[in-house]
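All of these numbers come straight from a predicted model, not from anything done at the bench. As a basis for the values below, the full set of heavy atoms in this structure was taken, side chains included, without hydrogen atoms, waters or symmetry mates.
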Amino acid sequence: MDDLAEAARTGRRGAAADGGEQARSGRRSVAADGGEQPRSGRRSAVAGGDEQADVFGAFGESGASRSSGDAGWSGEPAESAAGSGSRKRRRTPRSDWQFPVLTEWGLRPEQQRLIVIIATVIGVVAGATGLVATVGSLGDYAPEREANAAVLGPDAALPMAYQGWSSPKLFASLADRAKDSKELTEKEVFGQSELAVSKKLTLKLAAKRLDADCSAALWGTTLLEKVSDAGCLQAARGLYVSSDGRYVGQYTLLNLKDGQSAGELVESLKTLYRGGWARPLTSSKAAFPAGGYSEGGGYALGHYVGLVWLGKTDGLDPTAKDDFVSVTLALRGAEKSVYRRVVAITGPAS
């Protein structure tokens with residue numbers, strides 16, 4: 001019995017000793033494992049985060065979509081990324097009214113906007129003022145009708161319309177006055193007292209005049225300068241009235257130095273005719289009504305220029321019953337003298 005009791009005591013002490021040692025050993029092991037495990041866990045988490053970032057970068061949105069459905073991809077890094085995105089402040093969009101120079105001067109966007117608006121208004125006003133000044137300077141031109149009112153009278157008659165025609169090839173032989181040096185005569189140009197318009201209508205010569213000084217037959221500073229430069233030697237004028245008393249017309253023939261001068265004069269009258277034209281002859285039988293409607297035409301004929309002027313004796317505008325074309329052709333009957341000169345140089349047509 002004593003032996004059994006001693007054995008029992010010895011067994012308990014061994015067990016206690018073994019238990020104590022085991023407990024101490026267990027605590028050391030747990031402590032060691034516990035210390036190693038956090039350090040290893042942290043390294044693992046960092047490595048796992050880097051690998052996860054690489055995978056997201058490689059797969060883009062598809063990787064992100066996969067992370068939401070896979071437990072291995074839905075760990076702490078994803079939640080951290082979502083949290084950081086929600087905490088990130090949005091940048092205020094830059095105003096359209098920020099200019100680098102004005103910003104450097106310390107001006108706020110609303111101040112810059114006000115400056116731009118003011119500058120724009122000033123620019124528009126300045127541009128409009130400049131435009132008005134330019135138009136005003138261009139508008140200095142005025143037809144010489146007013147400048148010559150003292151000479152022709154306050155209600156001088158002038159063509160309301162004008163057309164010009166260059167010289168036909170038929171008059172090429174008359175391009176140089178040196179080959180046609182014989183001067184015009186009054187009888188040569190206005191030898192016919194009547195010009196036929198139709199079977200029932202004629203134009204009767206009411207007055208005629210031949211001037212060696214072209215300025216006596218024309219008016220207008222610019223026009224007189226041009227005919228002077230063109231070497232105008234003679235100006236023949238004839239005033240006609242229709243047999244029914246409805247029409248009045250005048251034909252003027254200018255003798256210039258060459259065909260080029262004649263063509264240039266006819267062309268310039270397209271804009272000059274309101275500031276320079278033929279002086280009307282006076283007659284008790286017919287006259288152009290002051291301020292009435294009339295038409296003008298210019299014809300280059302070699303080194304000659306023919307000016308046709310036609311209107312109605314009542315000064316009214318022509319109607320459908322008025323055949324200005326036929327009357328104009330009749331007035332040009334005075335050009336027969338020029339045709340005869342062509343024949344004199346070239347000979348009769350074969």
Side-chain angles (χ1 to χ4, degrees), residues 143-144 148 151-152 158-159 161-192 207-240 249-281 295-310 328-329 331-346:
E144 294 182 24
N148 293 273
V151 178
L152 299 177
L158 284 172
Y162 171 87
Q163 287 184 307
W165 287 267
S166 58
S167 182
K169 293 182 179 180
L170 173 65
F171 298 98
S173 59
L174 296 179
D176 189 353
R177 188 168 60 190
K179 298 179 181 180
D180 179 39
S181 58
K182 186 179 178 180
E183 294 185 1
L184 295 168
T185 65
E186 188 178 279
K187 183 179 180 180
E188 179 185 9
V189 180
F190 303 111
Q192 289 181 270
K208 59 182 177 180
R209 181 170 176 173
L210 177 62
D211 292 296
D213 181 7
C214 294
S215 63
L218 306 170
W219 65 270
T221 304
T222 305
L223 177 58
L224 293 178
E225 290 176 355
K226 287 185 175 295
V227 296
S228 178
D229 294 340
C232 187
L233 187 63
Q234 293 176 292
R237 290 174 290 166
L239 181 67
Y240 296 85
Q250 178 171 295
Y251 187 89
T252 303
L253 186 62
L254 304 177
N255 185 355
L256 308 183
K257 64 181 179 180
D258 54 39
Q260 180 178 350
S261 299
E264 290 176 352
L265 180 60
V266 166
E267 184 67 22
S268 67
L269 282 171
K270 290 181 178 180
T271 56
L272 184 63
Y273 73 98
R274 293 293 291 174
W277 191 244
R279 294 176 183 270
L281 290 173
E295 295 180 359
Y299 303 85
L301 311 165
H303 68 89
Y304 297 99
V305 168
L307 299 178
V308 175
W309 188 9
L310 177 63
T328 298
L329 290 175
L331 270 176
R332 295 185 65 190
E335 295 173 359
K336 290 180 180 180
S337 59
V338 181
Y339 282 91
R340 286 192 290 264
R341 289 185 175 238
V342 172
V343 174
I345 295 175
T346 62

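Checking side-chain atoms of Q250 against main-chain N and O of R279 turns up a donor-acceptor pair under 3.5 Å.
In this structure, the side chains of L269 and Y162 come closer than 4.5 Å at one or more pairs of heavy atoms. Residues K208 and E186 form a side-chain contact, since some pair of their non-hydrogen atoms from C-beta on lies under 4.5 Å apart. In this structure, K336 and Q192 have side chains that are in contact, with non-hydrogen atoms separated by less than 4.5 Å. The shortest side-chain heavy-atom distance between Q234 and D211 does not fall under the 4.5 Å cut-off. The shortest distance between side-chain heavy atoms of L174 and F171 falls below 4.5 Å. Using a 4.5 Å cut-off on side-chain heavy atoms (C-beta onward), S337 and L253 make contact. Counting only heavy atoms from C-beta outward, the side chains of Q163 and K270 never approach each other to under 4.5 Å. A heavy-atom distance below 4.5 Å is found between the side chains of L281 and R209.
Remark: the Y251 side chain and the E335 side chain contain an N/O donor-acceptor pair separated by less than 3.5 Å.
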Candidate pair K182 and D180, rule salt bridge (charged side-chain N to carboxylate O under 4.0 Å, His left out), full reasoning: CA-CA 6 Å; K182 186 179 178 180; D180 179 39; over 6 Å; no
Might you work through the side-chain contact (heavy atoms from CB on, under 4.5 Å) test for L158 and Y273, ending with a clear yes or no? CA-CA 8 Å; L158 284 172; Y273 73 98; over 6 Å; no
Between K226 and E264, is a side-chain contact (heavy atoms from CB on, under 4.5 Å) present by the stated rule, with each step listed? CA-CA 9 Å; K226 287 185 175 295; E264 290 176 352; over 6 Å; no
Stepwise salt bridge (charged side-chain N to carboxylate O under 4.0 Å, His left out) check, K257 with D176: CA-CA 7 Å; K257 64 181 179 180; D176 189 353; over 6 Å; no
For a side-chain contact (heavy atoms from CB on, under 4.5 Å) check, start with the C-alpha distance between T252 and L254, then their side-chain angles and the critical distance, and finish with the verdict. CA-CA 7 Å; T252 303; L254 304 177; 4.0 Å; yes
side-chain contact (heavy atoms from CB on, under 4.5 Å) between L223 and L265, worked out: CA-CA 8 Å; L223 177 58; L265 180 60; 3.7 Å; yes
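Between W277 and W309, the two ring planes are perpendicular [angle over 60°; tilted spans 30° to 60°].
Going from atom CG of L256 over to atom CG of D229 covers 11.0 Å, rounded to the nearest 0.5 Å. Interatomic distance, CD of Q260 versus CG of D258, reported as 6.0 Å (0.5 Å rounding). Note: L218 CG to S228 OG = 11.5 Å, rounded to the nearest 0.5 Å. L233 contributes atom CG, which lies 10.5 Å from atom OG of S181 (distance to the nearest 0.5 angstrom). Annotation: the span from L307 atom CG to L331 atom CG amounts to 12.0 Å, rounded to 0.5 Å. Note that OG of S173 is 4.5 Å distant from CD1 of I345, once rounded to the nearest 0.5 Å.
The side-chain tip of R332 points at the ring of Y299 from less than 6.0 angstrom away and within 45° of straight on.
Judged as a salt bridge (Lys or Arg N to Asp or Glu O under 4.0 Å), and not counting sequence neighbours, E225 has no contacts. Take E188 and apply the salt bridge (Lys or Arg N to Asp or Glu O under 4.0 Å) test, not counting sequence neighbours, and it matches R341. The side chain to side chain donor-acceptor pair (under 3.5 Å) check on K179 picks up nothing, with sequence neighbours excluded.
Across all non-hydrogen atoms, the minimal contact from G302 to A262 is O-CB, 3.4 Å. Shortest non-hydrogen contact noted between P168 and A300 is CD-O, 3.6 Å. In plain terms, the two heavy atoms of H303 and A175 that are nearest each other are CB-O, 4.1 Å. For the residue pair L224 and S215, the shortest heavy atom distance occurs at CD2-CA, 3.6 Å. The two residues A334 and F190 come nearest to each other via the heavy atoms CB-CE2, 4.2 Å. Contact detail for P159 and R274: the closest heavy-atom pair is O-NH1, 2.9 Å.
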